[in-house]
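As structure tokens, the structure follows; a few thoughts come after it.
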Amino acid sequence: MAKQPAAPAVTAETARRSLRIATWNINSVRLRHPLITGIVQALNPDVLCLQETKCPDEHLPIEALKALGFPYVAAKGMKGYNGVAVLSRIPFVQRDNDPDWCLKGDCRHLGVELDAPGGPVELHDFYVPAGGDVADRTVNEKFAHKLDFVAEATAWSATRATATRRVMLGDLNIAPLEHDVWSHKQLLDVVSHTPIEVAALTEWMRVGQWHDALRHFVPADQKLYTWWSYRAKDWAAANRGRRLDHVWCSPDLAGNLVRHQVLQEARGWEKASDHVPVMVELAL
DNA sequence: ATGGTTGAAGATCAA
């Protein structure tokens, strides 16, 4: 009998290809892009979505980002504030018909279509307004902006809800669950955990048919934080964190989630951001 | 109830 040509071994492990997607509020890409090396070592992401780049596109350190192993880069930045970017090892096409939220042109969202294993994946990188200090839209226009932004994003998500292979992530600046904050009772009046914000985020998830990819892995009765204030004397000792950063996926991808990582150690790095990177791995 | 820290811009605002 003739010898068969050697075929690659197909096992349960190799039959599906992995896609690791990470999000990080970098709080100035020009200041902190060298820290991405540590994120690559720890999380090995195929795609890294950034928020608060605080950098106009013409000043983006694009060669440095490419040298970190991400040949495909898209950014939407402005002077001083806000700004989002997508760094990728795999090709993608930038979406160009997504809304201009609240008609502000303020660089809080970047949508792409990834050339992912098994077909395209729609990916949205969001930076939701923080909302200021007072949780009252009649006296705090930043809070009004935050609620308006989430309402618009909710309506938009309705138009995406039936699409498959969707991921959205970013700094959503809302910690929806009791154990997404260090003290549910003490934060009920604190912007990021007020009932009106929680209701708005919950509605966004419901309307968009979004599945919480981090709570997929971590039960709702366990504390989970992605942000610790700069204002604590000792962030780790106080551990007064909040889960402000999120990864959501469409329901068809829920069964493809295989792993997550919240890189808490990054909060202790030299020149740390107040947010830590979060990664989710999909088997596609 | 307040203040605490950081980044970018520019002597203050946003977070």
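Only a predicted model underlies this, so the values are computations on that prediction, with no experimental measurement involved.
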Q. Do you know which of A:Val278, A:Val218, A:Val181 makes side-chain contact (heavy atoms from CB on, under 4.5 Å) with A:Leu224?
A.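 Looking at A:Val278, A:Val218, A:Val181, the match for A:Leu224 under the side-chain contact (heavy atoms from CB on, under 4.5 Å) is A:Val218.
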Using whole Å, what does the distance between atom [atom2] of nucleotide [N] and atom [atom1] of [X] come to?
| X | N | atom1 | atom2 | answer |
| --- | --- | --- | --- | --- |
| A:Asp245 | B:dA15 | CG | P | 15 Å |
| A:Leu187 | B:dA1 | CG | C1' | 15 Å |
| A:Glu52 | B:dC13 | CD | C1' | 13 Å |
| A:Asp274 | B:dA15 | CG | P | 12 Å |
| A:Arg108 | B:dA15 | CZ | C1' | 10 Å |
| A:Phe149 | B:dA15 | CZ | P | 12 Å |
| A:Asp106 | B:dA14 | CG | C1' | 13 Å |
| A:Tyr230 | B:dG3 | OH | P | 22 Å |

Q | Axial cation check for A:Trp269 ring with A:Arg32, 6.0 Å and 45° limits | A |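 Not satisfied by the 6.0 Å and 45° rule.
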Q. Hey, does the Lys NZ or Arg CZ of A:Arg240 hover above the aromatic six-ring of A:Trp182, less than 6.0 Å from the centre and inside 45° of the axis?
A.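 Satisfied, under 6.0 Å and within 45°.
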Among [options], find the nucleotide with the atom closest to the side chain of [X].
| X | options | answer |
| --- | --- | --- |
| A:Ala130 | B:dG7, B:dA9, B:dA15 | B:dA15 |
| A:Asn82 | B:dA9, B:dA15, B:dC13 | B:dA15 |
| A:Lys79 | B:dA15, B:dA9, B:dA14 | B:dA9 |
| A:Tyr81 | B:dA14, B:dA15, B:dT6 | B:dA14 |
| A:Lys271 | B:dG10, B:dG7, B:dA15 | B:dG7 |

Q. In terms of the angle between their ring planes, are A:Phe217 and A:His260 parallel, tilted or perpendicular, with boundaries placed at 30° and 60°?
A.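 A:Phe217 vs A:His260 ring planes: parallel.
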Take atom [atom1] in [N] and the same atom in [M], then report the distance between them in whole Å.
| N | M | atom1 | answer |
| --- | --- | --- | --- |
| B:dA15 | B:dA9 | C1' | 15 Å |
| B:dA1 | B:dA11 | C1' | 28 Å |
| B:dG10 | B:dA14 | P | 13 Å |

Q. In terms of hydrophobic clusters joined by side-chain contacts under 4.5 Å, are A:Leu123 and A:Leu257 together?
A.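 Result: yes, single cluster for both.
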Q.
Taking the basic N atoms (NZ, or NE/NH1/NH2) and the acidic carboxylate oxygens, is any pair closer than 4.0 Å for A:Asp171 and A:Arg108?
A.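 Salt bridge between A:Asp171 and A:Arg108, a charged N being under 4.0 Å from a carboxylate O: no.
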Q: Would you mind telling me which residue lines up with the more 5' stretch of DNA chain B, A:Arg240 or A:Asn25, judged by nearest nucleotide?
A: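 That would be A:Arg240.
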(Q) Pick the closest DNA chain B nucleotide for A:Pro56 and for A:Asp133 by heavy atoms, then say which residue is nearer the 5' end. (A)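 Mapping each residue to its closest nucleotide by heavy atoms, the 5'-most match is A:Pro56.
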Touch class at under 4.0 angstrom, heavy-atom based, for [X] against every strand present:
| X | result |
| --- | --- |
| A:Lys233 | nothing |
| A:Arg32 | sugar-phosphate |
| A:Arg242 | nothing |

